[in-house]
Structures are given as structure tokens and as C-alpha cells.
Amino acid sequence: MNIIETSKELNKKEEYLLTLNRNMISVKDIEDGTKIEFEDYAIYEDINSRGENVEILTILTPSKDVYCTKSSTFKRSFKDMYNMMDGEKFTLIKTSGTTNAGRPYVDCVLDVDSI
């Protein structure tokens with residue numbers, strides 16, 4: 001495992017929760033409309049069951065739940081929000097859809113009710 005970036009310097013407990021935690025919740029498995037309150041995040045590389053390198057985004061909430069995804073669409077939208085908020089905490093909402101090619105994807109939008 002190789003940590004690529006984090007929202008801050010993580011202590012060992014946060015690093016564990018964001019990278020090795022076996023109770024992570026996969027974003028693809030939660031319902032659309034689920035709100036995720038952002039506290040900290042990490043992006044790291046790991047090796048999947050097929051031996052391939054995979055880049056994973058994990059989000060830690062104030063209640064210490066951890067959400068994870070390898071979706072490039074979700075990661076891009078999250079990073080756009082994070083960069084725009086310039087260090088402010090925010091809540092995002094999980095969305096999903098189907099591409100023109102018929103493939104499912106997950107995404108996120110800013111929870112405007114939380115700002």
C-alpha cells in the first residue's frame with residue numbers, strides 16, 4: 001500500500017481507519033441520496049485480488065465511518081468539492097447513473113442543505 005495524498009497529516013489511528021480498516025463502506029453499495037459528512041480523506045494505491053494496482057479514495061466521517069471508492073468519477077467530483085471548499089468541512093451526497101455505453105457509475109454532489 002502506498003499513500004498518495006491526505007487531507008492532513010494523519011495520526012496512526014486515522015491512517016489505519018483510512019487504509020486498513022476492514023469495516024469500510026463501499027460507495028457503490030450505498031443508496032443514492034446518502035449523505036457523507038467529510039472529516040478527512042486519503043488516496044492510496046493498493047493491489048487488488050488480480051494483482052493490479054488500484055487507486056482508492058477513502059473518506060472518514062466525524063462518527064469514524066469510512067467510505068471507499070475506486071470510481072474515477074466520484075474521486076474527481078470529491079476533489080473538485082474539496083479544493084473549492086479550501087479546508088472547510090462539508091457534506092456530500094452519493095449519486096449514480098448509467099453512461100451512454102450502458103455502464104453504471106457512482107458520483108457525488110455537494111449537499112447544499114449543509115452549507
Side-chain angles (χ1 to χ4, degrees):
M1 177 195 44
N2 175 41
I3 297 176
I4 299 169
E5 71 181 71
T6 59
S7 53
K8 66 173 190 176
E9 182 144 350
L10 303 173
N11 64 40
K12 294 298 176 190
K13 292 174 188 172
E14 293 164 332
E15 188 174 321
Y16 172 83
L17 287 172
L18 286 166
T19 59
L20 298 173
N21 179 6
R22 298 292 177 225
N23 293 321
M24 289 184 198
I25 303 162
S26 179
V27 170
K28 68 178 173 49
D29 295 336
I30 62 176
E31 291 185 33
D32 282 2
T34 299
K35 294 183 179 189
I36 301 171
E37 199 175 341
F38 160 74
E39 180 75 20
D40 289 305
Y41 81 89
I43 295 177
Y44 68 96
E45 286 180 329
D46 203 0
I47 298 173
N48 68 13
S49 60
R50 294 184 294 242
E52 304 164 330
N53 275 344
V54 181
E55 186 180 277
I56 300 169
L57 164 68
T58 53
I59 301 170
L60 179 66
T61 69
S63 61
K64 305 303 180 223
D65 290 322
V66 179
Y67 292 87
C68 63
T69 187
K70 61 183 183 178
S71 163
S72 57
T73 303
F74 190 99
K75 289 187 288 188
R76 185 174 42 255
S77 294
F78 172 80
K79 286 294 302 223
D80 287 347
M81 280 184 264
Y82 177 79
N83 291 333
M84 182 66 71
M85 294 301 144
D86 196 29
E88 291 182 38
K89 302 301 181 196
F90 59 92
T91 301
L92 55 100
I93 299 173
K94 185 259 185 170
T95 62
S96 66
T98 305
T99 66
N100 290 338
R103 296 181 54 198
Y105 68 89
V106 294
D107 200 354
C108 59
V109 296
L110 180 65
D111 177 14
V112 294
D113 293 336
S114 70
I115 55 175

Counting only pairs under 3.5 Å, give me each side-chain donor-acceptor contact of residues 27-34, with atom names and distances, residues two or more places apart or in other chains.
residue	atom	partner	partner atom	Å
Asp32	OD1	Lys94	NZ	3.0
Asp32	OD1	Ser96	N	3.4
Asp32	OD1	Ser96	OG	2.9
Asp32	OD2	Ser96	N	3.4
Asp32	OD2	Ser96	OG	2.8
Thr34	OG1	Glu31	O	2.7

First locate atom [atom1] of [X], then atom [atom2] of [Y], and finally report the distance between them rounded to the nearest 0.5 Å.
{"X": "Leu60", "Y": "Met24", "atom1": "CG", "atom2": "CE", "value": "10.0 Å"}
{"X": "Thr6", "Y": "Glu14", "atom1": "OG1", "atom2": "CD", "value": "9.5 Å"}
{"X": "Lys35", "Y": "Asp111", "atom1": "NZ", "atom2": "CG", "value": "4.0 Å"}
{"X": "Lys89", "Y": "Glu39", "atom1": "NZ", "atom2": "CD", "value": "4.5 Å"}
{"X": "Ile43", "Y": "Leu18", "atom1": "CD1", "atom2": "CG", "value": "11.0 Å"}
{"X": "Ile93", "Y": "Leu110", "atom1": "CD1", "atom2": "CG", "value": "8.0 Å"}

Is the closest side-chain heavy-atom distance between [X] and [Y] below 4.5 Å?
{"X": "Phe78", "Y": "Ile59", "answer": "yes"}
{"X": "Thr73", "Y": "Val106", "answer": "no"}
{"X": "Tyr41", "Y": "Thr58", "answer": "no"}
{"X": "Ile36", "Y": "Thr91", "answer": "no"}
{"X": "Glu55", "Y": "Ile4", "answer": "yes"}
{"X": "Ile47", "Y": "Asn53", "answer": "yes"}

### Criterion side chain to side chain contact (heavy atoms under 4.5 Å, CB included) on Asn48 and Val54, from CA distance to verdict
CA-CA 7 Å; Asn48 68 13; Val54 181; 3.5 Å; yes

Connected via hydrophobic side-chain network under 4.5 Å: [X] and [Y]:
{"X": "Val109", "Y": "Val112", "answer": "no"}
{"X": "Tyr105", "Y": "Leu92", "answer": "no"}
{"X": "Ile56", "Y": "Leu10", "answer": "yes"}

> If we ignore angles and hydrogens, is there a donor and acceptor under 3.5 Å between the side chains of Tyr44 and Glu5?
Replying inline: no

Asp107 and Ser77: side-chain donor and acceptor closer than 3.5 Å? yes

Does any N or O in the side chain of Thr98 come within less than 3.5 Å of the main-chain N or O of Gly102, such that one atom is a donor and the other an acceptor? no

Validation: residues 80-88 side-chain donor-acceptor distances under 3.5 Å, sequence neighbours left out:
residue	atom	partner	partner atom	Å
Tyr82	OH	Ser7	O	3.4
Asn83	ND2	Lys79	O	3.2

Using distance only, find each side-chain donor-acceptor pair of residues 63-70 under 3.5 Å and give its atom names and separation, not counting sequence neighbours.
residue	atom	partner	partner atom	Å
Ser63	OG	Thr61	OG1	3.1
Ser63	OG	Asp65	OD2	3.2
Thr69	OG1	Ser71	N	3.0

>> Taking atom CD as the centre, does Glu52 end up with more than 12 heavy-atom neighbours from other residues, nucleotides or ligands that are less than 6.0 angstrom away?
In response: yes

